[in-house]
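Structure record follows, encoded as C-alpha cells.
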Amino acid sequence: MDIRVEPLHEATDEAVEAFGRLLPQLSSSATPLSHDALATILACPTNTVLVARTDDRIVGALTLVMIPIPTGTRAWIEDVIVDNDARGLGLGSTLTTEAIRVALESGARTVDLTSRPSRVAANRLYEKVGFKRRETNVYRFEVADRSAQT
C-alpha cells in the first residue's frame, strides 16, 4: 500500500469526510467538523495539519501547532489519529516523524505532546520515535466547568 504524508491546505469534501470518520476514533466527545470549521483550522497560521493518504482516501492525520514565545518557538502535536483499518502500518510513526521534521525545520526548540496512559500503543510509539516522558503537571481549565459556576 502506497502511503503519503502531506500538509492539508484546503477543506475539501474528502477532508471533511475523513475527519468525520477519524475524529470519533480519537474522541467520543469530538463534534464533526464542517467545511467552515476545517477551513478555520487550516487558515490558522500556527497550525499545520498533516494527513496520511493512500491512493483512494485519507487514513490518518495530526495537527502540529507552532507558537513563538519569548523563550523560543515551541511546537505541540495534537490529535494524532490513524484509521482503525490502517493501524499497524507505521502511519502514526510516519505522521509524528514528519511533524517533528517540520517543527525543527521551522526553528522549534522543543516538540511536546500528551497521551493518556491507557493508550499503551500510542505511548510506545512516541517513545520509539524519541519522545521522553517528562515529570510535569498538566492543568486544564474546562470552559464547561466555568459556565456551570455562573
Side-chain angles (χ1 to χ4, degrees), residues 1-69 72-134 136 138-144:
M1 180 183 305
D2 181 39
I3 298 185
R4 300 175 315 282
V5 172
E6 57 195 32
L8 183 65
H9 297 291
E10 188 178 350
T12 62
D13 289 343
E14 175 199 27
V16 171
E17 179 280 323
F19 277 97
R21 179 173 30 83
L22 294 170
L23 280 174
Q25 297 177 48
L26 177 68
S27 169
S28 60
S29 63
T31 57
L33 293 177
S34 66
H35 276 88
D36 288 345
L38 183 55
T40 298
I41 292 165
L42 297 174
C44 181
T46 60
N47 292 346
T48 301
V49 176
L50 297 175
V51 294
R53 67 169 62 246
T54 62
D55 291 332
D56 60 341
R57 69 185 198 151
I58 295 171
V59 293
L62 68 67
T63 303
L64 173 67
V65 181
M66 288 181 282
I67 310 163
I69 59 175
T73 298
R74 307 298 178 166
W76 198 269
I77 294 174
E78 287 287 344
D79 294 345
V80 180
I81 318 165
V82 173
D83 196 335
N84 287 331
D85 296 338
R87 296 216 172 137
L89 300 175
L91 295 178
S93 177
T94 302
L95 280 162
T96 304
T97 301
E98 179 63 7
I100 293 167
R101 187 195 67 73
V102 170
L104 296 178
E105 188 175 275
S106 299
R109 293 185 58 198
T110 59
V111 181
D112 291 307
L113 57 77
T114 62
S115 184
R116 290 186 306 275
S118 62
R119 298 187 67 216
V120 175
N123 284 291
R124 195 169 36 245
L125 175 149
Y126 300 136
E127 290 174 356
K128 182 179 174 186
V129 298
F131 283 90
K132 306 280 188 258
R133 186 181 309 247
R134 294 185 69 206
T136 187
V138 176
Y139 296 93
R140 176 173 290 164
F141 181 86
E142 294 281 348
V143 175

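Quantities reported herein were computed from a predicted structural model and do not represent experimental measurements. Count residues from 1 along the sequence. Reckoned from all heavy atoms, side chains included, excluding hydrogens, waters and symmetry mates.
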Distance in Å, Asp2 CG paired with Asp56 CG, rounded so as to fall on 0.5 Å steps: 11.0 Å
Could you walk me through whether Ile77 and Phe131 pass side-chain contact (heavy atoms from CB on, under 4.5 Å), step by step? CA-CA 12 Å; Ile77 294 174; Phe131 283 90; 4.0 Å; yes
OG1 (Thr96) and OH (Tyr126) are apart, to the nearest 0.5 Å, by 5.0 Å
Before giving the answer on side-chain contact (heavy atoms from CB on, under 4.5 Å), spell out for Glu6 and Val51 the whole-Å C-alpha distance, their side-chain angles and the decisive distance to 0.1 Å. CA-CA 6 Å; Glu6 57 195 32; Val51 294; 4.1 Å; yes
Do side-chain atoms of Arg87 reach the backbone of Val82 as a donor and acceptor pair under 3.5 angstrom? yes
Once you round to the nearest 0.5 Å, how far does CG of Asp13 lie from CG of Leu38? 11.0 Å
Show the nearest heavy-atom pair for residues Val5 and Glu98, with the distance to one decimal. CG1-CG, 3.8 Å
Distance-only donor-acceptor hits, side chain of residues 21-30, under 3.5 Å, sequence neighbours excluded:
residue : atom : partner : partner atom : Å
Arg21   : NE   : Glu17   : OE2          : 3.0
Arg21   : NH1  : Ile58   : O            : 3.3
Arg21   : NH1  : Asp83   : OD2          : 2.6
Arg21   : NH2  : Glu17   : OE1          : 3.4
Arg21   : NH2  : Ile58   : O            : 2.9
Gln25   : OE1  : Asn84   : N            : 2.6
Gln25   : OE1  : Asn84   : ND2          : 3.3
Gln25   : NE2  : Arg21   : O            : 3.0
Gln25   : NE2  : Asp83   : OD1          : 3.3
Ser27   : OG   : Ser29   : N            : 3.2
Ser27   : OG   : Ser29   : OG           : 3.1
Ser27   : OG   : Ala30   : N            : 3.3

What closest approach, in Å, do Val49 and Phe19 show between heavy atoms, and which atom pair accounts for it? CG1-CZ, 3.9 Å
Minimum heavy-atom separation for Asn47 and Ile41, please, with both atom names. ND2-O, 3.1 Å
Indicate the atoms forming the closest heavy-atom contact of Leu91 with Ala86, along with that distance. CD1-CB, 3.6 Å
Contacts satisfying side chain to side chain donor-acceptor pair (under 3.5 Å) that involve residues 108-124 (not counting sequence neighbours) are Arg74-Thr110
Please identify which of these residues, Thr46, Thr48, Val111, meets the side chain to side chain contact (heavy atoms under 4.5 Å, CB included) condition with Met66. Thr48
Test of understanding: with side-chain hydrogen bond (donor to acceptor under 3.5 Å, both in side chains), list the residues that count as partners of Arg133, not counting sequence neighbours. Glu127
Which heavy atom of Ala108 sits nearest a heavy atom of Leu104, and at what distance? O-CD2, 3.8 Å
When rounded to the nearest 0.5 Å, the distance separating CG of Leu95 from CG of Leu125 is 9.5 Å
Scanning both residues in full, the closest heavy-atom pair of Ala99 with Leu64 reads O-CD2, 3.5 Å
How far does CD1 of Ile3 sit from CZ of Arg53, to the nearest 0.5 angstrom? 12.0 Å
